Enquirer: 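Below is one structure. I have some questions about it.
Please read all numbers here as calculations on a predicted model, not as lab measurements. Sequence lines set the chain letters: A, B, ... in the order given, protein chains first and strands last, and positions in each chain run from 1.
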Amino acid sequence: MSTLKVYNTLTRQKEEFKSITPGLVGMYVCGPTVSGESHLGHARPYITFDIVYRYLQYLGYKVRYVRNITDAGHFEEEGREAEDKISKKAVLEKLEPMELVQKYTNLFHWAMKQFNTIEPSIEPTATGHIVEQIVMIEKIITDGYAYEANGSVYFDVEKYNADFSKKGLPYGMLSGRVLDDQLDTTRDLDNQEEKRNKQDFALWKKAPPEHIMRWASPWGEGFPGWHIECSAMSTKYLGDQFDIHGGGMDLQFPHHECEIAQSAVCNDKLAATYWIHNNMITINGRKMGKSYNNVIKLSELFSGDHPILEQAYSPMTVRFFILQTHYRSTLDFGNDALQASEKGLKRLWEAHEALQKMKAAEDEFDPEKIDAELDNKVVTLLAEFDEFMNDDLNTAKVLASMFEIVPVINSIKDKHILPSLLSRETFVVMQSKMKLFVEDIFGLKSELQGDYTKLEGVLQVLIELRKQAKAKKDYATSDIIRKQLMELGIALKDEKDGNISYSFV
RNA sequence: GGUCCUGUGACCGAGUGGCUAGGUAGAGCUCUGCAAAAGCUUCCACAGCGGUUCGAAUCCGCUCGGGACCUCCA
């Protein structure tokens with residue numbers, strides 16, 4: 001069996017995945033900043049790494065998956081009003097900062113549940129780890145790689161780079177940036193005069209009087225810088241060195257680069273072995289993001305309540321949409337594309353459900369009747385599930401293979417072909433493997449909510465009435481039943497054997 | 001300006017130098033009381049120009065276009 005290969009941003013190539021401790025994997029993924037509602041772009045990393053999490057478990061690893069909640073309010077360096085993002089919005093909305101944080105955390109959790117993502121093993125908050133962050137900053141100062149200025153603390157990038165380049169941990173190793181190239185590219189930023197060099201970044205920020213979120217520290221009242229929380233929490237829960245660090249590509253620099261530097265000073269190690277980054281979701285070819293003013297919030301997506309949305313799109317449609325593209329490619333949002341996904345998902349899901357309902361009774365199979373070509377084809381397609389996932393988690397290719405199996409399933413269901421064209425073993429493997437990949441690894445699920453037993457009973461009554469009408473060639477009655485149910489979103493289908501099935505549209 | 005990515009058919013997209021990606025949409029056929037679904041068949045591609053090669057969507061160069069990061073950002 002082939003082994004998992006993942007693209008490591010650090011080395012710019014696909015590498016065989018080997019965990020530091022056999023059988024165990026530590027994975028840290030940068031979580032949301034809960035100062036606002038999550039949008040479609042945010043869905044991508046969490047769904048991507050949900051797949052990574054599920055797949056690693058399928059491979060037999062015990063995974064500790066840590067995903068933080070950034071609720072401490074990162075300092076906004078850009079712009080005139082140097083105010084904390086969270087405190088700023090809190091004033092606008094007349095809410096307590098923590099009330100706001102709670103609201104958006106709840107919304108985030110709600111959205112993640114809609115997407116059927118598995119909760120991380122640990123979901124630490126930045127505000128819950130102020131002490132750890134302060135300890136880390138103190139260590140960096142003691143070692144001489146940070147300095148205090150006017151109640152704030154900055155990381156000395158130049159000094160770090162000079163010393164740690166020798167250890168193979170230069171600043172810029174992840175993003176491929178060379179420090180010297182950047183000297184004249186940084187714009188004027190707030191409190192620039194406090195820094196020794198423009199590229200230095202804040203570890204601790206002095207809180208201005210209007211800033212509500214503040215904590216006591218050795219340097220006065222303030223709040224942590226933007227990058228230190230991830231270093232502090234990943235170290236605390238995953239150790240000095242862990243296996244996978246994930247996040248969006250836009251976090252590569254400066255966020256992850258700074259994490260590497262901070263952890264290198266404190267732990268004398270490269271924080272993570274594999275750095276995995278998902279690409280962006282775009283809209284009209286442009287990255288979806290606050291700064292571009294082109295976001296579609298998840299709640300809007302699910303309700304269809306947004307000017308550019310032609311309809312609502314269900315969480316599973318969105319999940320499927322994301323899985324149809326390789327995680328390192330950009331994915332362009334559009335109504336056409338989402339509608340295509342919606343239909344594709346329906347086709348896949350219905351075939352999958354039909355397959356699971358089939359019984360592999362012994363007497364349906366006969367070694368004499370096997371169509372070797374078809375059997376081989378199915379066996380190959382099923383083997384490709386693992387092969388493609390092992391090749392840097394190529395969910396798009398796995399889906400393509402699944403869609404090649406769909407006609408086989410439907411043909412058996414509609415009795416175009418006999419199940420006995422496949423060997424019993426192939427049939428059974430097909431059933432279990434489709435279930436495993438569709439549900440357990442890709443995390444797709446039925447979107448029907450609640451208890452449908454009573455409705456199903458009612459439907460059976462109507463179906464029976466329609467059958468009787470059809471038998472009497474009373475097509476007026478049979479058509480009315482079908483038409484009115486259709487208006488309710490229930491499609492009746494006359495099967496070949498005279499039975500009538502239904503599906504929810 | 002610096003660093004990097006990218007340009008595939010109506011739309012979204014996969015593609016390791018030679019083999020049908022796949023989904024959706026379109027066309028035809030089969031099944032069917034009609035329909036839906038399904039099955040079968042089918043149309044529409046690799047931005048442009050040059051080069052390497054027996055052979056390039058895939059490698060190299062140039063041109064044009066799009067984008068990301070360099071600043072909070074998934």
Side-chain angles (χ1 to χ4, degrees), chain A residues 12 29-33 35 38-49 70 74-79 85 172 175-178 180-190 199 226 246-255 277-282 284-292 320-321 324-326 328-348 350-351 354 388 391 394-404 406-411 413-417 470 473 475 478-479 482-483 486 491-496 501 503 505:
Chain A
R12 316 252 153 193
V29 175
C30 292
T33 300
S35 61
S38 303
H39 59 74
L40 174 58
H42 296 115
R44 196 162 192 197
Y46 307 129
I47 289 174
T48 299
F49 289 100
T70 297
H74 282 176
F75 195 82
E76 287 215 314
E77 221 182 14
E78 173 76 359
K85 232 184 188 171
S175 55
R177 282 157 211 277
V178 180
D180 295 343
D181 290 348
Q182 296 195 61
L183 294 178
D184 57 351
T185 57
T186 315
R187 292 200 216 156
D188 282 341
L189 303 169
D190 285 312
Q199 67 270 25
W226 338 313
M249 267 185 184
D250 49 355
L251 296 184
Q252 223 177 90
F253 189 90
H255 186 58
H277 294 96
N278 63 276
N279 214 319
M280 304 290 104
I281 289 183
T282 59
N284 295 321
R286 180 146 230 140
K287 174 185 169 185
M288 188 177 286
K290 262 183 197 161
S291 30
Y292 296 119
F320 179 83
F321 173 65
Q324 265 189 309
T325 306
H326 191 261
R328 279 191 292 111
S329 300
T330 53
L331 170 57
D332 202 40
F333 168 86
N335 281 290
D336 290 347
L338 261 295
Q339 282 159 22
S341 290
E342 185 178 76
K343 288 179 182 162
L345 170 63
K346 188 169 189 283
R347 182 170 149 82
L348 177 68
E350 287 183 353
F388 295 154
D391 185 14
N394 199 327
T395 54
K397 286 186 91 171
V398 174
L399 282 174
S401 296
M402 284 181 183
F403 274 107
E404 291 202 58
V406 166
V408 177
I409 297 169
N410 286 334
S411 293
K413 188 188 105 194
D414 291 346
K415 307 200 163 44
H416 292 135
I417 65 171
K470 277 185 70 180
K473 296 211 193 301
Y475 296 124
S478 71
D479 284 354
R482 187 172 63 192
K483 183 162 172 274
M486 189 47 143
L492 294 186
K493 298 170 198 170
D494 297 339
E495 303 290 344
K496 278 198 151 174
S501 66
S503 69
V505 183

Enquirer: Side chain of L251(A) only, heavy atoms from C-beta on: which candidate in A74(B), C34(B), A25(B) is closest?
Expert: A74(B)
Enquirer: Look at N410(A) and G39(B) and indicate whether a side-chain polar atom (N or O) is within less than 4.0 Å of OP1 or OP2.
Expert: yes
Enquirer: Would you state whether a donor and an acceptor, one from the side chain of R482(A) and one from the base of C34(B), lie under 3.5 Å apart?
Expert: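 Yes.
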Enquirer: Please give the nucleotide sitting opposite C69(B) as a Watson-Crick or G-U wobble pair, both distances under 3.5 Å, or none.
Expert: G2(B)
Enquirer: Applying salt bridge (charged side-chain N to carboxylate O under 4.0 Å, His left out) to D494(A) and K470(A), what does each step give before you reach the verdict?
Expert: CA-CA 11 Å; D494(A) 297 339; K470(A) 277 185 70 180; 3.0 Å; yes
Enquirer: P atom, A10(B) versus C40(B): distance in rounded Å?
Expert: 25 Å
Enquirer: Between G39(B) atom C1' and E404(A) atom CD, what is the distance in whole Å?
Expert: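 After rounding, the reported distance stands at 15 Å.
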Enquirer: For G50(B), what is the paired nucleotide under Watson-Crick or G-U wobble rules, both distances under 3.5 Å?
Expert: C60(B)
Enquirer: With side-chain contact (heavy atoms from CB on, under 4.5 Å) as the test, would you mind laying out the steps for H39(A) and M288(A) before giving the verdict?
Expert: CA-CA 8 Å; H39(A) 59 74; M288(A) 188 177 286; 3.8 Å; yes
Enquirer: W226(A) CH2 to C72(B) P: how many Å, rounded?
Expert: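 From W226(A) CH2 to C72(B) P: 4 Å.
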Enquirer: Need one value for K493(A): base, sugar-phosphate or nothing, where a base atom within 4.0 Å counts as base even if backbone is also close, heavy atoms only.
Expert: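 Since a base atom lies under 4.0 Å of K493(A), the category is base.
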Enquirer: Give the nucleotide from the list A74(B), C69(B), G39(B) with an atom nearest to the side chain of F253(A).
Expert: C69(B)
Enquirer: Take atom NE2 of H255(A) and atom C1' of C69(B), then tell me their distance rounded to the nearest Å.
Expert: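 Taking atom C1' of C69(B) as the reference, NE2 of H255(A) is at 15 Å.
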Enquirer: Rounded to whole angstrom units, what separation is found between the CD atom of E350(A) and the P atom of G39(B)?
Expert: 11 Å
Enquirer: Between P on A74(B) and CG on L40(A), what's the gap in Å once rounded to a whole number?
Expert: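 The answer, rounded to whole Å, is 13 Å.
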Enquirer: Kindly say if R286(A) contacts the phosphate of A68(B), meaning a side-chain N or O under 4.0 Å from OP1 or OP2.
Expert: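 So the side-chain polar atoms of R286(A) do come within 4.0 Å of the phosphate oxygens OP1 or OP2 of A68(B), strictly under.
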Enquirer: Enter the distance from L348(A):CG to F403(A):CZ here, rounded to the nearest 0.5 Å.
Expert: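 Rounded to the nearest 0.5 Å, the CG-CZ separation comes to 4.5 Å.
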Enquirer: Run the salt bridge (charged side-chain N to carboxylate O under 4.0 Å, His left out) check on E342(A) and K346(A) step by step: do they pass?
Expert: CA-CA 6 Å; E342(A) 185 178 76; K346(A) 188 169 189 283; over 6 Å; no
Enquirer: With rounding to the closest Å, how many angstrom separate the P atoms on G55(B) and G18(B)?
Expert: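 Going atom to atom, P in each nucleotide, I get 14 Å.
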Enquirer: Checking E495(A) against S501(A) for the side-chain hydrogen bond (donor to acceptor under 3.5 Å, both in side chains) test, could you report, in this order, the C-alpha distance in whole Å, the side-chain angles of both residues, the deciding distance, and whether it holds?
Expert: CA-CA 7 Å; E495(A) 303 290 344; S501(A) 66; 2.6 Å; yes
Enquirer: Could you give the distance separating A25(B) and G9(B) at their C1' atoms, to the nearest angstrom?
Expert: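 Straight-line distance between the two C1' atoms is 12 Å.
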Enquirer: Write down the distance separating the C1' atoms in U8(B) and G2(B), rounded off to the nearest Å.
Expert: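 Each nucleotide's C1' atom is 30 Å from the other's.
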Enquirer: Rounding to an integer number of angstrom, what distance separates A57(B) and G17(B) when you compare their C1' atoms?
Expert: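 Taking atom C1' in both A57(B) and G17(B), they lie 10 Å apart.
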Enquirer: Has Y292(A) got a side-chain N or O lying under 4.0 Å from the OP1 or OP2 atom of A68(B)?
Expert: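 It does, given that an N or O in the side chain of Y292(A) lies less than 4.0 Å from OP1 or OP2 of A68(B).
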Enquirer: N278(A) versus F49(A): any side-chain heavy-atom pair under 4.5 Å?
Expert: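 Yes, their side chains come closer than 4.5 Å.
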Enquirer: Does R347(A) form a side-chain contact (heavy atoms from CB on, under 4.5 Å) with V406(A)? I'd like the steps, not just the answer.
Expert: CA-CA 8 Å; R347(A) 182 170 149 82; V406(A) 166; 3.9 Å; yes
Enquirer: Between the protein and nucleotides 7-15 of chain B, which nitrogen or oxygen pairs come in under 3.5 angstrom?
Expert:
{"from": "G13(B)", "atom 1": "OP1", "to": "D332(A)", "atom 2": "N", "distance (Å)": "2.5"}
{"from": "G13(B)", "atom 1": "O2'", "to": "Q324(A)", "atom 2": "O", "distance (Å)": "3.4"}
{"from": "A14(B)", "atom 1": "OP1", "to": "H326(A)", "atom 2": "N", "distance (Å)": "3.2"}
{"from": "A14(B)", "atom 1": "OP1", "to": "S329(A)", "atom 2": "OG", "distance (Å)": "2.8"}
{"from": "A14(B)", "atom 1": "O3'", "to": "N394(A)", "atom 2": "ND2", "distance (Å)": "3.4"}
{"from": "G15(B)", "atom 1": "OP1", "to": "N394(A)", "atom 2": "ND2", "distance (Å)": "2.8"}

Enquirer: Within this structure, what is the CG-to-P distance between D250(A) and C72(B), rounded to whole angstrom?
Expert: 12 Å
Enquirer: Which part of the nucleic acid does D391(A) contact within heavy-atom distance under 4.0 Å: base, sugar-phosphate only, or nothing?
Expert: nothing
Enquirer: For F403(A) and G23(B), say yes or no: do the ring centres fall under 5.5 Å of each other while the ring planes differ by less than 30°?
Expert: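 So no, this residue does not stack on that base, at least one cut-off failing.
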Enquirer: Is any side-chain N or O of H416(A) closer than 4.0 Å to OP1 or OP2 of G39(B)?
Expert: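 Answer no for this pair, as no side-chain N or O of H416(A) is under 4.0 Å from OP1 or OP2.
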Enquirer: Let me know the distance between CD of E495(A) and P of G39(B), rounded to the nearest Å.
Expert: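 Whole-Å distance recorded here is 12 Å.
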Enquirer: Indicate, with a heavy-atom threshold strictly under 4.0 Å, whether M288(A) touches base, sugar-phosphate, or nothing.
Expert: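 Base contact.
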Enquirer: Checking base pairs now: Watson-Crick or wobble, both atom distances under 3.5 Å. What partners A10(B)?
Expert: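 Paired with U24(B).
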Enquirer: Go through the steps to decide whether L399(A) and E404(A) satisfy the test side-chain contact (heavy atoms from CB on, under 4.5 Å), and finish with yes or no.
Expert: CA-CA 9 Å; L399(A) 282 174; E404(A) 291 202 58; over 6 Å; no
Enquirer: Which part of the nucleic acid, if any, lies within contact of I281(A), taking any heavy atom under 4.0 Å across all strands shown: a base, the sugar-phosphate backbone alone, or nothing?
Expert: base
Enquirer: Return whichever of K413(A) or Q339(A) has its heavy-atom-nearest nucleotide of RNA chain B closer to the 5' end.
Expert: Q339(A)
Enquirer: Has the side chain of K287(A) got a donor or acceptor that lies under 3.5 Å from a partner of the other kind on the base of C73(B)?
Expert: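 For K287(A), whose side chain was compared with the base of C73(B), there is a donor-acceptor pair (under 3.5 Å).
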Enquirer: Measuring only the C1' atom in each nucleotide, how far is A68(B) from U63(B)? A whole number of Å is fine.
Expert: 22 Å
Enquirer: How far, in whole Å, is U24(B) from A38(B) if one measures between their P atoms?
Expert: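 Between the two P atoms, the distance is 8 Å.
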Enquirer: Which pair of non-hydrogen atoms, one from F321(A) and one from D332(A), has the smallest distance, and what is that distance?
Expert: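 Heavy-atom minimum between the residues: CZ-O, 3.6 Å.
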Enquirer: Please give the nucleotide sitting opposite G39(B) as a Watson-Crick or G-U wobble pair, both distances under 3.5 Å, or none.
Expert: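 WC or wobble partner is C29(B).
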Enquirer: With rounding to the closest Å, how many angstrom separate the C1' atoms on U52(B) and G65(B)?
Expert: 26 Å
Enquirer: Which residue is it: H255(A), H277(A), K287(A)? I am looking for the one with a side chain to side chain donor-acceptor pair (under 3.5 Å) to D250(A).
Expert: K287(A)
Enquirer: RNA chain B: S411(A) or G285(A), which has the more 5' nearest nucleotide?
Expert: S411(A)
Enquirer: Grab the OH-P distance between Y46(A) and C73(B) for me, whole Å please.
Expert: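 Distance check: Y46(A) OH to C73(B) P gives 11 Å.
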